[in-house]
Amino acid sequence: MRKTILAAGLGLWLGGPALAAPYDVAEKDIATLQADMAAGRVDAAGLVQAYQARIAAIDPQLHSVIALNPDALAAARALDAERKAGHLRGPLHGIPILVKDNIETLDPIPTTAGSLALANNVTHRDAPAVARLRAAGAVILGKTNLSEWANIRSTHSISGWSAIGGWTHNPYVLDRSTCGSSAGSGAAVAASLAAAALGTETNGSLVCPGAFNGIVSLKPTVGLVSRTHIVPISHTQDTAGPMTRNVADTALLLTAMAGSDPEDAATAQADAHRADFAALAGASLQGKRLGVIMPPADQSPSATSQVLQHALEILRAQGAEIVEVQDFVRPPGATDEEATVLKFELKHDMAAYLQSIPGEGPKTLADLIAFDKVTPRELVLFDQDYF
């Protein structure tokens with residue numbers, strides 16, 4: 001290694017050819033990455049290596065990535081061979097993405113939901129949402145940190161913290177929240193640690209980290225994207241969704257992810273609703289009515305309210321009709337009623353998932369509770385009252 005470095009330096013000193021600068025993935029969207037691959041400025045293997053190097057340099061401060069996929073480089077090289085042979089799978093061909101660590105992939109890395117109870121949960125099976133992205137040419141780069149068990153273990157849980165991955169930090173201001181539970185996916189995309197990422201949402205876990213990390217994040221309609229082989233909370237509310245740097249990239253991922261799955265009854269009509277969502281790029285806001293919950297009338301003007309007003313002005317200029325909702329009050333009892341549904345579905349759905357995975361690990365919610373009680377790391381910051 002030392003000889004290689006000295007030889008390279010000697011070549012430059014003697015006027016030899018300069019070494020090519022490493023490809024810079026920072027701030028690049030999928031269209032730019034594809035254009036650069038088409039032009040020969042980089043290939044999929046080069047992208048994987050560039051993102052891995054960026055993760056090594058930056059993520060020790062963020063704790064957004066739990067595990068790297070050891071097969072990512074081989075997968076990228078296979079896709080590069082396809083490109084050279086004239087076969088392109090589509091706009092995601094060769095694009096490295098990260099996957100929230102409650103979504104299974106067939107790669108030799110565990111799906112943990114952030115918990116030490118699933119530290120050895122290597123299932124070697126793709127969630128259908130991942131399989132569709134892989135078939136479209138995406139490279140699975142690794143797994144991202146999350147709020148443990150997607151924030152459902154405790155009413156005192158901390159957004160972005162898991163026993164496996166530690167505490168995810170916001171890449172813009174390290175001591176600020178990433179929100180949760182798709183914290184690692186949101187932070188990683190914002191920090192350009194991958195071209196895009198997958199997250200999941202039951203109630204806010206895609207859109208909140210999207211907002212806090214300044215990226216585009218979408219919760220698809222439940223039933224558009226399969227939930228099979230995803231650690232569950234609630235079968236009436238759970239869904240996986242894309243997290244990217246812009247709207248166009250979100251549309252590309254959603255187009256690939258959507259579709260029916262015979263193992264997920266909620267998706268029975270998904271194929272009928274599939275579309276090329278990227279085609280919506282030319283859509284107009286003319287004639288669209290958008291409801292906006294406004295700040296309380298007695299609230300003093302702030303920088304936040306100024307940003308809101310500026311955003312509304314932009315929407316109006318694009319033809320939208322803004323309907324301001326004043327004095328909004330959450331319906332009494334709504335939170336308690338939703339919590340009741342989540343508790344019943346969590347107990348059933350979690351047991352069904354745990355019983356589907358190989359090995360001798362926990363098989364019921366009671367098993368998880370027992371594991372946490374004898375594992376200090378799990379309860380070091382908050383309890384498990386919700387479990």
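Quick caveat: nothing in here was measured; it's all calculated off a predicted structure.
Side-chain polar atoms of Thr111 and Lys143 form a donor-acceptor pair below 3.5 angstrom. Remark: the Ser154 side chain and the Asp383 side chain contain an N/O donor-acceptor pair separated by less than 3.5 Å. Residues Thr236 and Glu345 have side chains that bring a donor and an acceptor to within less than 3.5 angstrom of each other. The closest side-chain donor-acceptor pair between Ser147 and Ser181, if any, does not fall under 3.5 angstrom. There is no side-chain donor-acceptor pair under 3.5 Å between Asp261 and Thr267. Side chains of Ser185 and Thr144: a donor on one and an acceptor on the other come within 3.5 Å.
Smallest separation of non-hydrogen atoms from Ala195 and Ile95: CB-CG2, 3.5 Å. Nearest heavy atom pair, residue Ser205 against residue Lys100, reads CB-NZ, 4.4 Å. Taking both residues in full, the closest heavy atoms of Gly186 and Ile215 are given as CA-CD1, 3.8 Å, listed atom of the first, atom of the second, then distance. Nearest heavy atoms, Gly160 versus Thr178: CA-OG1, 4.2 Å. Across all non-hydrogen atoms, the minimal contact from Pro220 to Leu254 is CG-CD1, 3.8 Å. Looking at every heavy atom in both residues, Pro171 comes nearest to Leu62 through CA-CD2, 3.7 Å.
The hydrophobic clustering, which links ILVMFWY residues whose side-chain heavy atoms are closer than 4.5 Å, places Leu118 and Leu146 apart. Under a hydrophobic clustering in which Ile, Leu, Val, Met, Phe, Trp and Tyr are joined whenever their side-chain heavy atoms come within less than 4.5 Å, directly or via other members, Phe277 and Ile30 fall into the same cluster.
Between the side chain of Arg83 and the backbone N or O of Ala44, no donor-acceptor pair lies under 3.5 Å. Although no hydrogens or angles enter the test, the distance criterion places no donor-acceptor pair under 3.5 Å between the side chain of Glu104 and the main chain of Ala127. A donor-acceptor pair under 3.5 Å is absent between the side-chain atoms of Arg89 and the main chain of Leu79, judged by distance alone. Looking at Ser162, its side chain does come within 3.5 Å of a backbone N or O of Gly165 through a donor-acceptor pair. Judged by distance alone, the side chain of Asn170 and the main-chain N or O of Ser177 form a donor-acceptor pair under 3.5 Å. The backbone N or O of His169 sits nowhere less than 3.5 Å from a side-chain atom of His63 that would complete a donor-acceptor pair. Side chain of Glu148 to backbone of Ile164: no donor-acceptor contact under 3.5 angstrom is found. Remark: side-chain polar atoms of Asp36 are not paired, donor with acceptor, to backbone N or O of Leu33 under 3.5 angstrom. Of the possible polar contacts, one joining the Ser217 side chain to the Leu206 backbone as a donor-acceptor pair under 3.5 Å is found. Of the possible polar contacts, one joining the Asp59 side chain to the Val65 backbone as a donor-acceptor pair under 3.5 Å is found.
Of the charged side-chain nitrogens involved, at least one lies within less than 4.0 Å of a carboxylate oxygen, so that Asp126 and Arg134 count as a salt-bridged pair. The pair Arg330-Glu337 does not count as a salt bridge, with every side-chain nitrogen at least 4.0 angstrom from each carboxylate oxygen.
The shortest distance between side-chain heavy atoms of Leu308 and Leu312 falls below 4.5 Å. The shortest side-chain heavy-atom distance between Arg125 and Ile357 falls under the 4.5 Å cut-off. For the pair Arg245 and Ser192, the minimum side-chain heavy-atom distance is below 4.5 Å. Considering only heavy atoms from C-beta on, Leu285 stays 4.5 Å or farther from Glu321 through its side chain. Annotation: side chain of Ile103 is in contact with side chain of Val130 (closest heavy-atom distance under 4.5 Å). Looking at His273 and Thr221, their side chains never come closer than 4.5 Å, going by heavy atoms from C-beta outward.
Atom CD1 of Ile66 is separated from atom CG of Asp101 by 4.5 Å, given to the nearest 0.5 angstrom. Atoms NE2 and CD, on His87 and Glu82 in that order, are 4.5 Å from each other to the nearest 0.5 Å. In this structure, OG1 in Thr168 is found 9.0 Å from CG in Asn213, a value given to the nearest 0.5 Å. Rounded to the nearest 0.5 Å, atoms CG (Leu290) and CD (Gln318) are 11.5 Å apart. A distance of 6.0 Å separates CG in Leu252 from CG in Asp249, rounded to the nearest 0.5 Å. Taken to the nearest 0.5 Å, the OG1 atom of Thr255 stands 8.0 Å off from the CZ atom of Arg274.
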Going through the checks in order, is the side chain to side chain contact (heavy atoms under 4.5 Å, CB included) test met by Lys84 and Asp43?
-> CA-CA 10 Å; Lys84 288 180 181 177; Asp43 57 14; 5.8 Å; no
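Using cut-offs of 30° and 60° for the angle between ring planes, the His235 and His348 rings count as perpendicular.
Residue pairs that meet the ring pair (Phe, Tyr, Trp, His ring centres under 6.0 Å) test with at least one member in residues 354-387, sequence neighbours left out, are Trp149-Phe387, Trp161-Phe382.
Just one of Asp238, Thr200, Asn151 meets the side chain to side chain contact (heavy atoms under 4.5 Å, CB included) condition when paired with Ile233; it is Asp238.
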